[in-house]
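As structure tokens, the structure follows; a few thoughts come after it.
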Amino acid sequence: MRWLAQILVNSLVLIVVAGYFDSFYIEGVGAAVLTSLIISVLNAIVKPILILLTLPVTVLTFGFFLFVINAITLMMADSIMGSAFEIDGFGAAVVAAIFISILNLLIQKVVIEPLSRKDDR
């Protein structure tokens with residue numbers, strides 16, 4: 001259930017980011033959900049490999065290189081989705097990855113964690 005909630009939150013975040021950046025386009029809600037699913041699979045399979053391969057760079061940059069890895073997964077999702085999900089370049093993907101990370105963190109801390117604490121009572 002938590003995974004499905006995270007997919008829906010990521011879909012919402014993708015739509016929000018697409019609304020703010022002209023270089024980031026998503027066709028609609030269905031495309032956002034599908035893109036979120038693809039990003040979730042890429043994060044489960046490809047991201048750990050990329051983190052392991054770039055561990056020295058990630059350590060030297062105090063973890064900021066993880067935004068580049070997130071941008072790479074966004075670009076991979078872009079290539080899989082075709083015209084339903086478009087990012088105009090790698091720089092736009094890095095900026096989008098930063099905003100997506102920040103929005104996901106805020107939603108996690110402000111909405112999801114308080115709700116899960118309420119359910120635990």
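The residues of the chain are indexed from 1 along the displayed sequence. All of these numbers come straight from a predicted model, not from anything done at the bench.
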Is there a path of hydrophobic side-chain contacts, each under 4.5 Å between heavy atoms of I, L, V, M, F, W or Y residues, that connects [X] with [Y]?
X: Met76; Y: Leu52; result: no
X: Phe21; Y: Val16; result: yes
X: Ile102; Y: Leu105; result: no
X: Tyr20; Y: Phe24; result: yes
X: Leu103; Y: Val110; result: yes

Atom pair [atom1] ([X]) and [atom2] ([Y]), whose distance is rounded to the nearest 0.5 Å:
X: Leu66; Y: Ile98; atom1: CG; atom2: CD1; result: 11.5 Å
X: Gln108; Y: Asn104; atom1: CD; atom2: CG; result: 8.0 Å
X: Leu53; Y: Thr58; atom1: CG; atom2: OG1; result: 10.0 Å
X: Phe85; Y: Glu27; atom1: CZ; atom2: CD; result: 12.5 Å
X: Leu34; Y: Ile7; atom1: CG; atom2: CD1; result: 10.0 Å
X: Leu50; Y: Ile72; atom1: CG; atom2: CD1; result: 5.5 Å

Non-hydrogen side-chain atoms of [X] and [Y] separated by less than 4.5 Å:
X: Glu86; Y: Met81; answer: no
X: Ile100; Y: Leu74; answer: yes
X: Val13; Y: Phe99; answer: no
X: Tyr25; Y: Ile87; answer: no
X: Leu42; Y: Lys47; answer: no
X: Leu14; Y: Val33; answer: no

Just grab all the side chain to side chain donor-acceptor pair (under 3.5 Å) pairs involving residues 71-84, residues at least two apart or on different chains.
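As it turns out, there is no side chain to side chain donor-acceptor pair (under 3.5 Å) pair with a partner in residues 71-84 once direct neighbours are skipped.
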Residues in side-chain hydrogen bond (donor to acceptor under 3.5 Å, both in side chains) with Thr61, at least two apart?
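For Thr61, no residue satisfies side-chain hydrogen bond (donor to acceptor under 3.5 Å, both in side chains) once neighbours in sequence are set aside.
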Suppose the criterion is ring-ring contact (aromatic ring centres under 6.0 Å, His included): which pairs have a residue in residues 35-82, not counting sequence neighbours?
none
Side chain to side chain contact (heavy atoms under 4.5 Å, CB included), paired with Thr35, selected from Asn10, Ile26, Ile15:
Ile26
Kindly give the heavy-atom pair with the smallest separation between [X] and [Y], and that separation in Å.
X: Ser11; Y: Ser36; result: OG-CB, 3.4 Å
X: Ala92; Y: Ser23; result: CB-OG, 3.3 Å
X: Ala93; Y: Met75; result: CB-SD, 3.6 Å
X: Ala44; Y: Pro48; result: O-CG, 3.6 Å

